[in-house]
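A quick write-up on the structure given underneath.
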Number of protein chains: 2
Amino acid sequence: MAISIRDVAARAQVAVGTVSNFLNRPDRVAEATRNKIEAAIADLNFVPNASARHLRSGSSRTIGLLVPDITNPFFTEVARGAGDTASESDYTLILCNSDEDPKKEERHLKVLIEQRICGLLITPSFEGLAGVAELNRRDIPTTFIDRRADSLDQSSVSMDDFHGGKSAIEYLASLGHKSIAWVNGPLSMAQCADREDGVMDSAKGQNIKISKFQVSQMRSQNGYEVTQNILASIAQITAIFCANDLVALGVLRALLESGKSIPKDYALIGYDDIGFSASASIPLTTIAQPAYKLGALAAQMIINEVEHGKNFKHEQIVFKPELVIRASTQALSK
Amino acid sequence: MAISIRDVAARAQVAVGTVSNFLNRPDRVAEATRNKIEAAIADLNFVPNASARHLRSGSSRTIGLLVPDITNPFFTEVARGAGDTASESDYTLILCNSDEDPKKEERHLKVLIEQRICGLLITPSFEGLAGVAELNRRDIPTTFIDRRADSLDQSSVSMDDFHGGKSAIEYLASLGHKSIAWVNGPLSMAQCADREDGVMDSAKGQNIKISKFQVSQMRSQNGYEVTQNILASIAQITAIFCANDLVALGVLRALLESGKSIPKDYALIGYDDIGFSASASIPLTTIAQPAYKLGALAAQMIINEVEHGKNFKHEQIVFKPELVIRASTQALSK
DNA sequence: CTGTTAGCGCCTTCAG
DNA sequence: CTGAAGGCGCTAACAG
């Protein structure tokens, strides 16, 4: 049978309550007693049972992290950040991957509720917002990652996607490019829509022609496939901006296979700054997002909210992404 | 206050035991009663409390997955496989990342024990084996992923690394290469040691010269850095075999930057077949490992073990990796 | 087929 | 500073 706090108490010749105190508020236990209990715990190899603790205390010290694509290095970095921060504060993190499937998202949310997570970190898909409402109804604090919260009653840690889109085009413009392909993902994703707004906004002022292309999923293969359309475009495209690095990497491969030279024939910019961008065959210029930091901060915020309860001030933090210049872009040679 | 099974019972005008039956063995509840309970659950928005259930039933239906590097696409695929399988059987998966740090590994193991996981999936580092012994002492079934179990009392799902190393060299030999660089990771990892045995074994019979190089961590950056040594080698190296794709990708970048042409100047082979290999600028020939399947099968096996208890037959499953030929290799042009 | 009941392991008063 | 007692939400007998 599993050994419990009671066995420890017996072994250490103290009452169970004392052992509990030792576990949770060691300062209230005399040193001599403390030593006895420590010894007993070591002898018995006792480890407290989290379920029992949760049940009794009402708090699970567990937070959920639900991401849409664990395969995307951006999200694994977010997960690392959140996981490290949770660990430091002695929280357990349950990481769930929805594979961009609303069904799976729903299911994971249900499991997380069963686990009585005390907080949720999520990058909600458009459809996923319904599930999130459910969490709200249960008063489970939720903070959005990489998507701005609409309500002031909710925290979020996101990026200024408008600015990101805008600065990529401005940079390209400063290089002399005037006809740019913009390869975007689904507009149902707020990130994509905002980046596009930034793109169009900056193009407007500068007499730049934007040719829009679209991929259904923001993965490498989709970028590879869409490249044919870019090459076939009648616009004299000299630069390509992709909504994320995965797509850009796919585009890069397709271009090289077609005998094009980067950055000579085409300047290429991605978005995210995943690790593979720096070590791509042609290191990718990109709009960097501090993924680890996003995850770490979001975890910190939700922990604060969980611990401070009602008198917690919700914040919508927005980071500015940063242009990272590498080898895939250069001034238009004319 | 949280609503419980008791509230549901009151609302549905039945006893708590009946509600419990409804939840766990619906077939033992009459249809009429079932409907009443269903309605009550919906009205009240009731979701059972997993902690209470675990505490009472003794089984947590939770399995842990501890990987050494969540940043490596190989492991995210493993995680996807394990996660999907766990979900299907209504198990909760707790994914932990040790970042190849024994301290973190230890800590996660402790948390997992607190959670009373009923099974553990792990790719143990050399040092991590101590922690695993702890699990054994507690009779928590553990199955190794990507590392063969030494004991017959334990399951594992691993790859035949000897074969993988061997077949890469054989393939290169068949292409006419006679002087090959072998870039390995730490020999303390069983995978690396076995691959090296395969490499040396197949080289021996064929009058092939292997020049050994080593990286401390199997990441892209390390491959990039070690390439200088390869280029500086006095051996007339014509092919390079790397212990994983991440390293190979780093080597590839360094080679291209040095003006080398792949596969003309050097044939290059990686290991794992992560997604980025296929879409690298020069698609990588590699030794493919079915990561998703590894994870899925391991999860299935541990679930079987958990559910069948003592009369469970442990298995050490070993997959054969497969050579995937892409553009980064060609016959030696002489 | 349904109802009753006794804990699972722990934490938290509240007296001593 | 320590000890005794009650109960968190649920399940698993067992009795009706």
Side-chain angles (χ1 to χ4, degrees), chain A residues 1-38 40-41 44-62 90 92 111 113-118 138, chain B residues 1-38 40-41 44-62 90 92 110-111 113-118 138 307:
Chain A
M1 198 59 250
I3 55 171
S4 86
I5 208 182
R6 195 139 43 218
D7 303 302
V8 175
R11 189 90 152 81
Q13 315 253 50
V14 297
V16 290
T18 308
V19 179
S20 177
N21 277 335
F22 169 84
L23 256 21
N24 302 293
R25 287 164 311 247
D27 45 300
R28 292 199 194 163
V29 178
E31 174 148 8
T33 320
R34 224 154 36 190
N35 293 145
K36 279 197 297 183
I37 296 180
E38 250 157 22
I41 287 179
L44 264 29
N45 232 297
F46 167 78
V47 175
N49 179 324
S51 288
R53 173 176 281 175
H54 300 171
L55 182 55
R56 172 64 229 220
S57 72
S59 161
S60 66
R61 289 192 86 80
T62 297
D90 272 316
T92 301
V111 170
I113 293 176
E114 286 180 0
Q115 300 290 332
R116 297 293 191 269
I117 52 168
C118 50
R138 290 174 190 279
Chain B
M1 197 59 250
I3 55 171
S4 86
I5 206 183
R6 198 142 35 221
D7 302 302
V8 175
R11 190 90 153 79
Q13 314 253 52
V14 297
V16 289
T18 308
V19 178
S20 177
N21 277 335
F22 169 84
L23 257 21
N24 302 295
R25 286 163 312 249
D27 45 300
R28 292 198 195 162
V29 178
E31 175 148 7
T33 321
R34 224 155 35 189
N35 293 145
K36 280 197 297 184
I37 296 179
E38 251 158 20
I41 287 179
L44 263 31
N45 230 296
F46 167 79
V47 175
N49 179 324
S51 287
R53 174 177 280 177
H54 301 170
L55 183 56
R56 175 62 233 219
S57 73
S59 162
S60 65
R61 288 192 88 80
T62 297
D90 271 316
T92 302
K110 180 162 175 258
V111 169
I113 293 176
E114 286 180 0
Q115 302 290 332
R116 297 294 191 268
I117 51 168
C118 49
R138 290 175 191 279
E307 298 188 345

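Letters A, B, ... are given to chains in the order of the sequence lines, protein chains preceding strands, and every chain is numbered from 1. Note: hydrogens, waters and symmetry copies are ignored here, and every other heavy atom, side chains too, is used.
Rounded to 10 degrees, the angle between the two end axes of the helix from C/dC1-D/dG16 to C/dG16-D/dC1 is 30°, with five pairs used at each end.
In this structure, NE2 of B/His54 is placed 10 Å from P of D/dT11, rounded to the nearest angstrom. Atom CZ of A/Phe22 is separated from atom C1' of C/dG9 by 17 Å (rounded to the nearest Å). The CG atom of B/Asn35 sits 14 Å away from the P atom of C/dC1 (whole-angstrom rounding). Between the CG atom of A/Asp27 and the P atom of D/dT2 there is a distance of 12 Å, rounded to whole Å. Between the P atom of C/dC1 and the CZ atom of B/Arg34 lies a distance of 9 Å, rounded to the nearest Å. Taking atom CG of B/Leu55 as the reference point, atom P of D/dG7 lies 17 Å away to the nearest angstrom.
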Next item on the list: Can you check each nucleotide of nucleotides 10-16 of chain C against protein heavy atoms at under 4.0 Å and return B for base, S for sugar-phosphate only, - for none, in 5' to 3' order?
Entry: BBB----
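No side-chain heavy atom of B/Ile41 sits less than 4.5 Å from a side-chain heavy atom of B/Arg11.
Taking CG from B/Asn45 and CG from B/Asp7, the interatomic distance works out to 12.5 Å, rounded to the nearest 0.5 Å. Here the CD1-CG distance, from B/Ile3 to B/Asn49, works out to 11.0 Å after rounding to the nearest 0.5 Å. Separating the CZ atom in A/Arg53 from the CZ atom in A/Arg61 is a distance of 8.5 Å, to the nearest 0.5 Å.
Between A/Thr18 and D/dT2 there is no side-chain polar atom (N or O) within less than 4.0 angstrom of OP1 or OP2.
Heavy atoms of B/Ser51 sit nowhere under 4.0 angstrom from any nucleic acid atom.
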Item checked: Working for salt bridge (charged side-chain N to carboxylate O under 4.0 Å, His left out), residues B/Arg34 and B/Glu38 -> CA-CA 6 Å; B/Arg34 224 155 35 189; B/Glu38 251 158 20; 5.8 Å; no
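Side-chain N/O atoms of B/Thr92 and A/Gln115 include a donor and acceptor closer than 3.5 Å.
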